[in-house]
Amino acid sequence: MSPSPANTESVDQLKSYSHSWSGLIDQVRRGKSWSGNERNCCFLNSSSGEFIDLSYLSGLDTSGDGRSLAFVDWDFDGDIDIWSRERTSPRVRFMVNLHQGNKRDFLGIKLHSEVGNRDGIGAVVEVVPTQGELKEGHKIVKSLAAGNLFLSQSSKWLHFGLGKIQNIDRVIVRWPGGKVEEFKDLFPGKRYLLSQGTGKAELWELKKVQKGKSKPSDNLQIESEASEPGARIVLPLKVPLPTLFYSSDPGKLKVIDTQSQPTLILIWNMLSSICQKELEKLTQLEESLNSEELNILPLFINDKPEFKKAIEGAVARIKFPIQWGFIEPKSVEAIRTFQESLFDRIPKLTVPLGFLLDSEMNVVALYRGTISFKEVFHDASVLLKAGNQQLHHFAPPFKGRWFTKPLGRLEMNRYLAAAFEAKIPEAGIPYFVGANQLDEATLKVELTKKYHQFARKFYKSKEYKKASYYFQQALGPSPPSPQIHHDYGHLLGRLGKYKEAEKQLLKALEIDPEYDSAKRALILIRELMRGTK
């Protein structure tokens with residue numbers, strides 16, 4: 001790790017520091033331990049000046065990358081329970097204290113003030129037992145903080161462990177601002193509300209909540225049967241799928257397009273026994289596939305000739321009822337980048353992997369591992385009709401309420417655009433469009449430039465199918481330059497499509513009659529056309 005730069009003037013130091021942080025964050029997101037795999041610890045205060053290591057016996061010595069703790073008597077049984085947060089899974093743990101001791105060995109205090117801060121943050125509270133119940137000079141003192149540990153907020157109830165103390169003489173509160181106040185008539189095993197200026201402790205009792213059935217809001221629940229082993233992840237907002245290519249016939253490269261119909265894309269590897277079972281399971285759903293308004297596109301990642309023949313044979317043998325294909329290797333990398341950008345901890349690219357898309361090529365849910373198609377069909381009927389606000393509530397895997405605002409579409413697109421720009425810029429076009437709040441005319445010009453750039457890139461690397469796709473895209477957004485028509489005509493001529501090449505070169509000269517390169521290319525194309533007659 002590079003040391004923090006001494007000043008902001010050294011460009012090299014700033015770059016080194018920035019790159020070091022980027023590398024560190026990347027390693028942590030890939031599952032490396034920030035804390036060096038050090039286990040969590042728990043120590044017991046023996047009240048004799050020593051602490052006893054109870055890490056293993058307490059069950060708190062988890063190996064996760066611990067971040068924060070919050071202490072609270074969650075079940076109001078007189079002992080402290082713990083909520084912990086870890087960077088690694090599980091992200092949140094609830095540790096229940098099963099202390100079976102005397103339920104009178106505690107005192108609960110909650111502060112209230114009409115002067116200054118309402119909760120008495122910063123107050124110092126001292127519990128004074130009757131004479132002889134504590135060693136001389138010993139005190140039980142706690143202060144109330146607004147936050148503690150890392151990004152944590154424990155309960156604002158002050159919990160005093162009394163041990164063998166049977167009687168309390170008084171409680172002294174030093175309020176923020178310096179005023180000191182005493183409260184009497186408090187008893188062990190009880191909870192009290194202390195209000196500043198009253199001098200009287202108000203007994204607080206837990207109200208019993210009447211049990212009953214409550215009907216959840218329709219827009220906060222998804223009723224579905226428990227899925228088979230695997231992961232189902234609902235995204236909190238609709239995220240555009242990156243540009244992906246696949247081939248359904250030898251040599252015929254296509255771009256994935258939902259064609260205005262909801263689609264489930266399945267990524268499979270036929271070397272996986274799970275994928276083989278999924279293929280057979282999908283075949284058995286032929287009637288359902290025909291009745292459901294959901295297009296399904298299975299794509300295999302094994303595109304090597306020896307694997308292709310085996311896959312084609314397996315598909316033919318089971319009489320697979322729907323269209324399928326082989327996903328292009330660089331598109332697999334685009335999926336990897338897409339997943340890495342969506343999640344805080346970078347997931348491994350595992351198969352089977354499914355993406356549920358709406359009719360506008362937006363991903364609303366992901367499926368990892370064994371897929372319950374019944375659940376997918378149900379999701380398609382619910383999630384695809386949901387707005388962003390509803391998806392935001394569908395996303396958590398358990399009941400609860402958000403305390404943060406939904407991520408905006410603009411912020412999401414900017415983040416993904418940056419991720420793809422650094423790795424696979426041509427696949428990130430959907431995010432470039434969503435991240436730029438440009439007027440329509442300017443955006444069309446910028447898109448044309450990018451499409452032309454990608455077309456030239458793939459032409460240079462002799463990936464002619466992709467180059468042709470991006471040239472066609474470059475001709476769409478705004479009035480193209482004569483150079484785009486010229487370059488596309490050059491590619492078509494290379495592919496032997498002389499008539500189409502002539503057409504593009506004539507368009508280039510129509511825009512710029514003095515374009516010498518287009519004139520020479522047109523003469524050459526016409527000579528080749530005469531030679532083929």
Qualifying salt bridge (Lys or Arg N to Asp or Glu O under 4.0 Å) pairs with a residue from residues 143-157, counting only residues at least two apart or across chains: Asp119-Lys156
Under 3.5 Å: donor-acceptor pair, side chain of Ser18, backbone of Leu14: no
Arg91/Glu86 ion pair, N-O < 4.0 Å: no
Flag, side chain of Glu446 to backbone of Leu443, donor-acceptor distance under 3.5 Å: no
For Gln196, all residues meeting side chain to side chain donor-acceptor pair (under 3.5 Å), sequence neighbours excluded: Ser113
Arg85: partners by salt bridge (charged side-chain N to carboxylate O under 4.0 Å, His left out), with sequence neighbours left out: none
Crowding at CD, Gln27 (>12 non-hydrogen neighbours, <6.0 Å): yes
For Glu182, salt bridge (charged side-chain N to carboxylate O under 4.0 Å, His left out) partners two or more places apart: Arg170
Side chain to side chain donor-acceptor pair (under 3.5 Å) partners for Asp65, two or more places apart: Ser35, Arg87
Any donor-acceptor pair under 3.5 Å from Asp81 side chain to Asp73 backbone: no
Contacts of Phe76 that satisfy ring pair (Phe, Tyr, Trp, His ring centres under 6.0 Å) - sequence neighbours left out: Trp204
Pairing residues for Phe420 by the ring pair (Phe, Tyr, Trp, His ring centres under 6.0 Å) criterion, not counting sequence neighbours: Tyr431
Non-neighbouring partners of Ser154 that pass side chain to side chain donor-acceptor pair (under 3.5 Å), sequence neighbours left out: Asn148
Carboxylate-amine/guanidinium contact Lys450 Glu421, below 4.0 Å: yes
Residues in ring pair (Phe, Tyr, Trp, His ring centres under 6.0 Å) contact with Phe160, at least two apart in sequence or another chain: none
Flag, side chain of Ser359 to backbone of Pro262, donor-acceptor distance under 3.5 Å: no
Donor-acceptor contact present, side-chain Ser20 to main-chain Ser16, <3.5 Å: yes
Test: Lys348 and Glu340 ion pair at under 4.0 Å: no
Ring-face cation contact, Phe245 with Lys330, 6.0 Å cut, 45° max: no
Whether Ser58 side chain and Leu54 backbone form a donor-acceptor pair below 3.5 Å: yes
Side chain to side chain, Leu186 and Leu203, heavy atoms closer than 4.5 Å: no
Glu126/Lys142 ion pair, N-O < 4.0 Å: no
Asn269 side-chain N/O to Val351 backbone N/O, donor-acceptor pair under 3.5 Å: no
Chi angles and distances behind the side chain to side chain donor-acceptor pair (under 3.5 Å) call for Ser372, Glu375: CA-CA 5 Å; Ser372 166; Glu375 185 176 57; 4.9 Å; no
Check: Thr130/Asp169 side-chain N/O donor and acceptor closer than 3.5 Å: no
Aromatic Phe343 / basic Arg368 pairing, under 6.0 angstrom, 45° off normal: yes
Electrostatic pair Glu278:Lys281 at N-O distance under 4.0 angstrom: yes
By side-chain contact (heavy atoms from CB on, under 4.5 Å) - contacts of Ser63 (at least two apart): Arg39
For Phe94, all residues meeting ring pair (Phe, Tyr, Trp, His ring centres under 6.0 Å), sequence neighbours excluded: Trp74, Trp83
Donor-acceptor contact present, side-chain Asp358 to main-chain Asn362, <3.5 Å: yes
Pairs meeting criterion salt bridge (Lys or Arg N to Asp or Glu O under 4.0 Å) with involvement of residues 14-28, two or more places apart: Asp26-Arg30
Donor-acceptor under 3.5 Å (Glu426 side chain, Thr243 main chain): no
Backbone of Leu416 reached by a side-chain donor or acceptor of Ser341 within 3.5 Å: no
